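Here is the structure we will look at, set down as structure tokens.
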Amino acid sequence: MRWVSVSAAIAFTLLAGTLFVAWWVAPVAQCDAGCLSQKIFYFHVPSAYAMYVAVGACVVGSIGYLTTRTSGWDSLAQAGGEVAVLFGAIVLTTGPIWARKAWGHYWVWDPRLTTMLLATLVFVAYLSLRSSDAGEAERRFSAALAILGAMILPVIHYSVQLWRGQHPTVITRRGGGLDPVMARTLGLAMLSFTVLVGVLVAWRARTAWLEARLEAMRTEATTLGLLGEEGSG
Amino acid sequence: MRRTLAAWTLAVGLGSLGGRAHAQQPRAETAADSRSMGFQASGGECRETVPGGTMLAVAYGVTILLLGAYVARVAFRAHAFERSLTRLEDQIARRAQDSGHADGPAA
């Protein structure tokens with residue numbers, strides 16, 4: 001568990017540093033970009049990126065599970081799915097707060113917003129499928145759902161370029177660009193969230209693996225008659 | 001002849017000026033260009049009708065709260081599973097020992 005403490009400390013320090021730089025060092029943007037509330041960008045964009053990483057972990061775990069049927073891969077998939085929903089919730093909360101300031105509305109049915117909501121709901125469905133006592137069939141079905149659900153990620157990414165919408169495309173080649181100090185702040189935020197998502201997925205995967213091991217031990221002990229009623233609870 | 005040459009020179013000159021002027025026209029803006037928005041540092045004072053600072057604090061607060069709640073939940077579960085696992089291992093070892101003692105004299 002030492003690695004969890006060390007990596008969590010690194011993630012926390014980086015996150016605190018990002019918060020400090022975003023709040024006090026990064027300049028305030030022009031008013032049509034939200035003025036002070038534009039600084040939401042430094043948590044909003046890295047959260048979306050962290051969600052992509054978590055979904056990637058979920059897909060890798062799901063493919064691994066479908067291939068090998070071992071609890072280690074399943075734990076990785078579960079961790080990825082859970083962390084993806086967490087970061088999806090952050091994106092879907094911080095985005096509308098910025099939009100209220102910049103667009104005058106909390107929510108518009110913009111292609112990127114809609115596809116992001118859809119992706120988050122897919123992984124909420126994935127988690128609810130696993131939330132009850134998930135057997136072999138549920139685990140296989142949820143693995144397939146995660147792989148299919150991940151296919152929406154490229155649609156989210158290219159939705160701004162493919163269809164009309166209001167969402168800004170600041171950091172793409174066709175985007176309007178970013179002030180150098182803002183770009184460096186965003187770089188720091190991306191680094192923080194990369195470490196954070198890695199720590200969260202690894203830690204949650206270990207917890208899920210512990211849970212699976214506990215269940216397996218309980219079942220085995222009960223089968224062998226080593227446990228009475230008190231051990232099954 | 002001289003007039004024709006002068007008219008020809010004038011036409012070519014005006015044409016080239018027109019071409020250069022046309023080349024300086026901004027490229028037609030595509031739908032993607034019009035949607036993109038650069039984030040540039042603002043020089044002057046921002047006049048805000050919606051309090052940006054409060055919204056920023058709320059957004060950061062929500063982010064930290066969600067992350068904190070999730071970390072607390074995972075930490076609680078990890079601790080609970082580790083404790084259950086240790087208890088189960090002890091229980092199994094005790095039972096195995098007891099059954100070993102019970103089998104011992106009979107064997």
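Below, chains carry the letters A, B, ... as their sequence lines are ordered, and counting in each starts from 1. This one's a predicted model, so the numbers in the text were calculated from it and none came from an experiment.
The two atoms that bring A/L86 and B/L66 nearest to each other are CD1-O, 3.7 Å, heavy atoms only.
Within 6.0 Å of OH in A/Y52 there are more than 12 heavy atoms belonging to other residues, nucleotides or ligands. For CD of A/E220, the number of neighbouring non-hydrogen atoms (other residues, nucleotides, ligands) closer than 6.0 Å is 12 at most.
Residue contact with chain A, scored on non-hydrogen atoms closer than 4.5 Å, is absent for B/A69. Heavy atoms of A/V199 lying under 4.5 Å from chain B are absent altogether. Looking at B/A75, the atoms closer than 4.5 Å to chain A (heavy atoms on both sides) sit in the backbone and in the side chain alike. Heavy-atom distances place the side chain of B/V62, and not its backbone, under 4.5 Å from chain A.
Here the side chains of A/E82 and B/Y70 are in contact, with some heavy-atom distance below 4.5 Å. Put simply, the side chain of B/Y60 reaches to within 4.5 Å of the side chain of A/Y42, judged on heavy atoms.
Annotation: the span from A/M217 atom CE to B/L88 atom CG amounts to 4.5 Å, rounded to 0.5 Å. With rounding to the nearest 0.5 Å, the separation of OG1 in B/T63 from CG in A/L15 is 9.0 Å. Once rounded to the nearest 0.5 Å, the distance linking CE of B/M55 with CD of A/Q38 reads 14.5 Å. Distance CZ/B/R87 to CG/A/L214: 9.0 Å, rounded to 0.5 Å. Rounded to the nearest 0.5 Å, atoms OG1 (B/T54) and CD1 (A/I97) are 11.0 Å apart. Between the CZ atom in A/R218 and the CD atom in B/Q91 there is a gap of 9.0 Å [rounded to 0.5 Å].
Interface check for chain A: of the options B/I64, B/V58, B/L67, the most heavy-atom pairs under 4.5 Å are formed by B/L67.
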